[in-house]
Amino acid sequence: MYPNALTELTRANPFSAPLFTLQKVEEPSQSLAAEHGLSKRTLAAAAVAEGDSCEFGSSHYFIMCGIGGILSCGTTHTALVPLDLVKCRLQVDPDKYKSIFKGFSITIKEDGMRGLAKGWAPTFIGYSMQGLCKFGFYEVFKITYSDFIGEENTYLWRTSLYLAASASAEFFADIALAPMEACKVRIQTCPGYASNLRQCAPKMFAEEGLWAFYKGVVPLWMRQIPYTMMKFACFERTVELLYKHVVPKPRAECSKSEQLVVTFVAGYIAGVFCAIVSHPADSVVSVLNKESGSSAIGVLKKLGPKGVWKGLVARIIMIGTLTALQWFIYDSVKVYFRLPRPPPPEMPESLKKKLGFTE
């Protein structure tokens, strides 16, 4: 048979290789495959490899990936609180905080060095919860969607798979993040409102009820879902391209340290694109959580086309560094706990036969 459906998929996928001449191949029937113990191999079907602590796609694997997400997101966001604070103030009060350096100098002058750490507690708690859901659910959805579409389509549509899995994961991650993000922005951008999380959360609840913590969830989705889609898809494809065109030897021959360097570089490249894609929505979230009774549409009208890009340079520096460190820490956790780390995807043998690469 000639795989017509495969031809259409290959032609439609902008990330696939050029269309090749398809060869007529005989595929084993389901009964013959079952007789010889053959089964469809997907991302989740890998057995425990030598040296791995668990099976790829097992519940233990997902739990450890979630812990890796907590460590990568919680620690990095907390470490960059001073830059995040200045970035938020640039967005909500550009007349006072005209540049990154001006923002730092004014903050230190008014609040002292301790003022740069405002909002560290909700940042750590919120982004730890977000990291748990973001990385843990990404692995779950990536394997689930791969099992659903099959091995060959997983390879042909791998970029779409990364985008869908990361968007699905971030939807839930933002629900976990929203309350602490609201508290963080209120502490950082409203002088005199509250100096810490213990003061801020009860005060917000007393004034506006539960809605105070979730009114920013929609613009948070607008900011974080495109950001995360770019973060994961760009990272996965960049790693693939680095090993293919830049790294002088195959991944299997690279040491763990060399592999982590590739992870860091790919993470920084992905972070730059993430910052640009998600910055307008980030500006809306910052203003929305500062001003009670405001709406996303109203904030957009107030900021205007230029206003939504205030603080972009600070965010590129912040997110580029942040994303690189997150991927580095996440991958390091996998190395430390000996979790399975599959190599960049390769064309399945069955697909090579259909495309005439093998006899």
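Basis for what follows: all heavy atoms, side chains included, without hydrogens, waters or symmetry-related copies.
Counting only heavy atoms from C-beta outward, the side chains of His77 and Asp84 never approach each other to under 4.5 Å. Looking at heavy atoms from C-beta onward, Ile276 lies in side-chain contact with Ile316 at the 4.5 angstrom threshold. Trp327 places a side-chain heavy atom less than 4.5 Å from the side chain of Phe232. Looking only at side-chain heavy atoms (C-beta outward), Thr263 and Phe235 come within less than 4.5 Å of each other. At a threshold of 4.5 Å between non-hydrogen side-chain atoms, the residues Thr123 and Met180 do not count as touching. Contact of the Ser72 side chain with the Leu325 side chain is not registered, since no non-hydrogen atoms from C-beta on lie closer than 4.5 Å. Considering only heavy atoms from C-beta on, Val185 stays 4.5 Å or farther from Ile187 through its side chain.
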(message) Evaluate Asp174 against Gln130 for side-chain contact (heavy atoms from CB on, under 4.5 Å), listing each step before the verdict.
(response) CA-CA 6 Å; Asp174 289 342; Gln130 188 212 33; 3.9 Å; yes

(request) Report the C-alpha separation of Phe213 and Cys183 in whole Å, then their side-chain angles, then the decisive distance to 0.1 Å, and conclude whether the side-chain contact (heavy atoms from CB on, under 4.5 Å) test is met. (result) CA-CA 7 Å; Phe213 302 104; Cys183 292; 3.7 Å; yes

(request) Using the side-chain contact (heavy atoms from CB on, under 4.5 Å) rule, take Leu80 and Thr78 through it: C-alpha gap first, then chi angles, then the decisive distance, then the call. (result) CA-CA 5 Å; Leu80 291 177; Thr78 304; over 6 Å; no

(message) For a side-chain contact (heavy atoms from CB on, under 4.5 Å) check, start with the C-alpha distance between Cys254 and Val247, then their side-chain angles and the critical distance, and finish with the verdict.
(response) CA-CA 9 Å; Cys254 296; Val247 180; 3.8 Å; yes

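Nearest heavy atoms, Gly74 versus Ser128: CA-OG, 3.4 Å. Among all heavy-atom pairs drawn from Arg251 and Pro344, the shortest one is CD-CD, 3.3 Å. Across all non-hydrogen atoms, the minimal contact from Ser53 to Leu339 is OG-CD2, 3.8 Å. The minimum heavy-atom distance linking Ser350 with Glu152 is given by the pair OG-OE2, 2.6 Å. Scanning all heavy atoms of the two residues, the minimum distance from Lys98 to Asp95 falls at NZ-O, 3.0 Å. Between Tyr227 and Thr323, the shortest heavy-atom distance links the atoms OH-OG1, 3.4 Å.
With hydrogens and angles ignored, the 3.5 Å screen pairs a side-chain donor or acceptor of Gln188 with a backbone N or O of Lys118. Checking side-chain atoms of Ser146 against main-chain N and O of Thr154 turns up no donor-acceptor pair under 3.5 Å.
Both Met204 and Val218 belong to a single network of hydrophobic side chains, linked directly or stepwise wherever heavy atoms of I, L, V, M, F, W or Y lie under 4.5 Å apart. Residues Val265 and Tyr243 share a hydrophobic cluster, clusters being chains of Ile/Leu/Val/Met/Phe/Trp/Tyr side chains in contact below 4.5 Å. One hydrophobic cluster, built from ILVMFWY side chains closer than 4.5 Å, cannot hold both Ile269 and Leu241; they sit in different ones. No path of Ile, Leu, Val, Met, Phe, Trp and Tyr side chains, each step under 4.5 Å between heavy atoms, connects Ile175 with Phe135, placing them in separate hydrophobic clusters. Hydrophobic clustering (side-chain heavy atoms under 4.5 Å, transitive across Ile, Leu, Val, Met, Phe, Trp, Tyr) keeps Ile143 apart from Val239.
Taking the six-membered ring where tryptophan is involved, the planes of Phe141 and Phe172 are essentially parallel, since the angle between them stays under 30° and well short of 60°.
Checked against Glu236 for a salt bridge (charged side-chain N to carboxylate O under 4.0 Å, His left out), the options Lys142, Lys231, Arg158 give a single hit: Lys142.
Within a 6.0 Å sphere centred on CD of Glu346, heavy atoms belonging to other residues, nucleotides or ligands number 12 at most. Counting heavy-atom neighbours within 6.0 Å of Phe205 CZ, excluding the residue itself, gives a total of 12 or less. The neighbour count for Phe273 CZ, taken as heavy atoms of other residues, nucleotides or ligands under 6.0 Å away, does not exceed 12. In Tyr193, the OH atom is crowded: over 12 heavy atoms of neighbouring residues, nucleotides or ligands sit closer than 6.0 Å.
From Met347, atom CE reaches atom NZ of Lys352 across 7.5 Å, with rounding to the nearest 0.5 Å. Interatomic distance, Gln326 CD to Thr76 OG1, rounded to the nearest 0.5 Å: 4.0 Å. From Thr228, atom OG1 reaches atom CG of Leu163 across 11.5 Å, with rounding to the nearest 0.5 Å. To the nearest 0.5 Å, atom CD of residue Glu151 and atom CD of residue Glu349 are 9.5 Å apart. Residue Met129 holds its CE atom at 10.0 Å from CG of Leu177, rounded to the nearest 0.5 Å. Here CD1 of Ile317 is found 13.0 Å from CG of Leu322. Values are rounded to the nearest 0.5 Å.
A salt bridge links Glu258 to Lys249: at least one charged side-chain nitrogen sits closer than 4.0 Å to a carboxylate oxygen.
Aromatic ring centres of Phe328 and Tyr268: separated by at least 6.0 Å. A centroid separation of less than 6.0 Å is found between the aromatic rings of Phe171 and Trp221.
For the residue pair Tyr127 and Glu181, a side-chain donor N or O sits within less than 3.5 Å of a side-chain acceptor on the partner. Between the side chains of Tyr145 and Ser168, at least one donor N or O sits under 3.5 Å from an acceptor N or O.
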Please list every donor-acceptor pair under 3.5 Å in which a side-chain atom of residues 59-68 meets a protein atom from a residue at least two apart or in another chain.
unit_1, atom_1, unit_2, atom_2, d
Tyr61, OH, Glu139, OE1, 3.2
Tyr61, OH, Lys334, NZ, 3.3

